[in-house]
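Here is the structure we will look at.
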Amino acid sequence: MALPYTHHYDLSFFALNLKKFGSSHLQPFCCLRCNSSVSSSPFTEKHSLQRYQRDQWVYNNNNQQRPSLSCDDEAASCSVPADSDSIRLNDIALQLPELRKLLQVLKHKRESCGGQVPKNGLGDVFLVGTGPGDPDLLTLKAVKVIQKADLLLYDRLVSNAVLDLVGPDARLLYVGKTAGYHSRTQEEIHELLLSFAEAGATVVRLKGGDPLVFGRGGEEMDFLQQQGIQVKVIPAELGIPLTHRGIANSVRFLTGHSRKGGTDPLFVAENAADPDSTLVVYMGLSTLPSLAQKLIHHGLPPDTPATAVERGTTPQQRMDLADKIKTAELVSPTLIIIGKVVALSPFWPQSLTEASRLVEV
């Protein structure tokens, strides 16, 4: 998709006070010195030459104040200036004009497409986990989504090799976080996703590893769902974040069979009955009633959300409440997930109400 910049309008999507980013507060980036000790990093370092080359479109309107890098073409990262917060605010301010332009172009494209866009005019949002960094480990679905995106917001631990798969007409925007330097706050990332989705864009949020395990993907998914925007998670088709800040701080993977193959499912149920953890039970169809009794006996609240998923991700997938396994006649393979995070799934009954309540708590 070609993006001719023909429109100039104000952008109102940031939860920021744009006045503090007035031109009088802008200072040119100082020359960044290369740090050779991390030059071989496969990831996007916070102030790397590769990052600025990749995201150069977002600085097009600020040629006089673009980052000045004294690194050669093979350098991968540079040291961060002492005042990280000032650099972050400067960077955002420099990006705003081009972000406004892109947002307006996408809105114009949506309006000119007539019936080719969804009735609600909203774009698609994909939350994509890129794994440990090797692009060969991506799912085919992830690759297809990455290649068709209009805008990709990517984290620091998305490898450069994965980013090489992005389509030539897409726009990349770094929103990575590292200790002591968050290029965007979580709230700013939320607003970016929302604004471009509302403009009808295909937006891809790229995260290292699994997007729903210690990746705040659940928070982004929940925020957008509250705004009426459905998020498709790759590869987690169920939309259940196994961890979520303030709701589940750990996850356990358990077998539904005892060591001797009997009806007693787990000898670890006492330790597993943690309301702030998520349980994922494999091969637990026949032993779930016994396991549930054990967990409740050891303190897990009886109303803890739980779901059973039969033949997940296939056309024959069925997802039901765990206490209806018998009446639903689910068959193997079925995965059982127990924990408060289950209520965050868009497939959970009354998920928006329950998710909102959990996040507030």
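Everything numeric in this text was worked out from a predicted model, so none of it was measured.
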Inset, instruction - Check the pair Asn60, Gln56 against side chain to side chain donor-acceptor pair (under 3.5 Å), reporting the backbone distance first and the verdict last. - result: CA-CA 7 Å; Asn60 282 346; Gln56 61 182 334; over 6 Å; no
Inset, instruction - Start with the C-alpha gap between Leu291 and Val281, add the side-chain angles, then the distance that decides, and say whether side chain to side chain contact (heavy atoms under 4.5 Å, CB included) holds. - result: CA-CA 10 Å; Leu291 172 62; Val281 183; 3.9 Å; yes
Legend entry - Steps toward side chain to side chain contact (heavy atoms under 4.5 Å, CB included) verdict (Thr44, Arg54): CA-CA 10 Å; Thr44 301; Arg54 185 181 293 124; 3.3 Å; yes
Inset, instruction - For side chain to side chain contact (heavy atoms under 4.5 Å, CB included), just list the numbers for Tyr59 and Asp91, CA-CA rounded to whole Å, side-chain angles, deciding distance to a tenth of an Å, and then say yes or no. - result: CA-CA 9 Å; Tyr59 300 103; Asp91 205 15; 2.4 Å; yes
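Nearest heavy atom pair, residue Val341 against residue Pro241, reads CB-O, 3.0 Å. Smallest separation of non-hydrogen atoms from Pro275 and Ala273: CD-O, 3.7 Å. Nearest approach of Leu285 to Ser332, heavy atoms of both residues: CD1-N, 3.6 Å. Heavy-atom minimum distance, Gly133 versus Ala161: O-CB, 4.4 Å. Residues Leu103 and Ala199 share a closest heavy-atom pair of CD1-CB, 3.5 Å.
Atom CD of Glu219 is separated from atom CG of Leu212 by 11.0 Å, given to the nearest 0.5 angstrom. Interatomic distance, Leu279 CG to Phe253 CZ, rounded to the nearest 0.5 Å: 10.5 Å. Separation of atoms CD1 (Ile189) and CG (Leu194) is listed at 13.5 Å; rounding is to 0.5 Å. Atom-to-atom distance recorded for Thr304:OG1 and Leu295:CG is 8.5 Å, nearest 0.5 angstrom. To the nearest 0.5 angstrom, Arg51 atom CZ is 12.0 Å from Arg156 atom CZ. The line from CE of Met221 to CD of Gln226 is 10.5 Å long, rounded to the nearest 0.5 Å.
No side-chain heavy atom of Lys340 sits less than 4.5 Å from a side-chain heavy atom of His244. Side-chain contact between Leu238 and Ile337 is present, with at least one heavy-atom pair separated by less than 4.5 Å. Looking at Thr255 and Met283, their side chains come closer than 4.5 Å, going by heavy atoms from C-beta outward. Side-chain contact check for Leu102 versus Glu98: every heavy-atom pair is 4.5 Å or farther apart. Considering only heavy atoms from C-beta on, Glu188 comes within 4.5 Å of Ile92 through its side chain. Looking at heavy atoms from C-beta onward, Tyr154 lies out of side-chain contact with Val128 at the 4.5 angstrom threshold. Considering only heavy atoms from C-beta on, Leu151 stays 4.5 Å or farther from Leu192 through its side chain. Residues Leu242 and Val280 form a side-chain contact, since some pair of their non-hydrogen atoms from C-beta on lies under 4.5 Å apart.
Among the candidates Leu173, Leu99, Val125, the single residue satisfying the side-chain contact (heavy atoms from CB on, under 4.5 Å) test with Phe196 is Leu99.
Residues satisfying the ring pair (Phe, Tyr, Trp, His ring centres under 6.0 Å) test with His190, not counting sequence neighbours, are Phe223. With sequence neighbours excluded, no residue forms a salt bridge (charged side-chain N to carboxylate O under 4.0 Å, His left out) with Glu198. Residues passing the ring pair (Phe, Tyr, Trp, His ring centres under 6.0 Å) test with Phe214: none are found, sequence neighbours excluded.
Taken together through direct or relayed side-chain contacts under 4.5 Å among Ile, Leu, Val, Met, Phe, Trp and Tyr, Val175 and Leu163 form parts of separate hydrophobic clusters. Tracing side-chain contacts under 4.5 Å through hydrophobic residues (I, L, V, M, F, W, Y), one reaches Val58 starting from Val203; they form part of the same cluster. Hydrophobic clustering keeps Leu206 apart from Leu153 (ILVMFWY residues linked when any side-chain heavy atoms are closer than 4.5 Å, directly or through intermediates). Criterion: ILVMFWY side-chain heavy atoms under 4.5 Å apart, direct or through other members. Under it, Val251 and Tyr282 are part of a common hydrophobic cluster. No single ILVMFWY cluster, assembled from side-chain heavy atoms under 4.5 Å apart, contains both Leu152 and Leu122.
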Extract all donor-acceptor atom pairs below 3.5 Å that involve side chains of residues 134-145 and protein atoms in other chains or at least two apart in sequence.
residue, atom, partner, partner atom, Å
Asp134, OD1, Asp136, N, 2.9
Thr139, OG1, Ala142, N, 3.0
Lys141, NZ, Glu237, OE2, 3.0

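Ser183 places a side-chain N or O within donor-acceptor distance of the main-chain N or O of Gly176, the cut-off being under 3.5 Å. At least one donor-acceptor pair under 3.5 Å links the side chain of Thr307 to the backbone N or O of Asp320. At least one donor-acceptor pair under 3.5 Å links the side chain of Trp57 to the backbone N or O of Leu172. In this structure a side-chain-to-backbone donor-acceptor pair under 3.5 Å is present from Asp55 to Tyr174. Within the 3.5 Å criterion, the main-chain N or O of Thr202 finds a donor-acceptor partner in the side chain of Asp150. The main-chain N or O of Ile240 is never found under 3.5 Å from a side-chain atom of Ser345 such that the two would form a donor-acceptor pair. Ser159 contributes a side-chain N or O that, together with a main-chain N or O of Val162, makes up a donor-acceptor pair within less than 3.5 Å. Checked by atom type and distance alone, the side chain of Thr287 pairs as donor or acceptor with a backbone atom of Gly256 at under 3.5 Å.
The salt bridge (Lys or Arg N to Asp or Glu O under 4.0 Å) pairs that include a residue from residues 202-212 are Asp155-Arg205, Asp155-Lys207, Arg205-Glu220, Lys207-Glu220, where partners are two or more places apart or lie in different chains. Listed by first and then second residue, the salt bridge (Lys or Arg N to Asp or Glu O under 4.0 Å) pairs that reach into residues 295-314 are Glu310-Arg318, sequence neighbours excluded.
Taking the charged nitrogens against the carboxylate oxygens, Lys148 and Asp124 have no contact shorter than 4.0 Å, which rules out a salt bridge.
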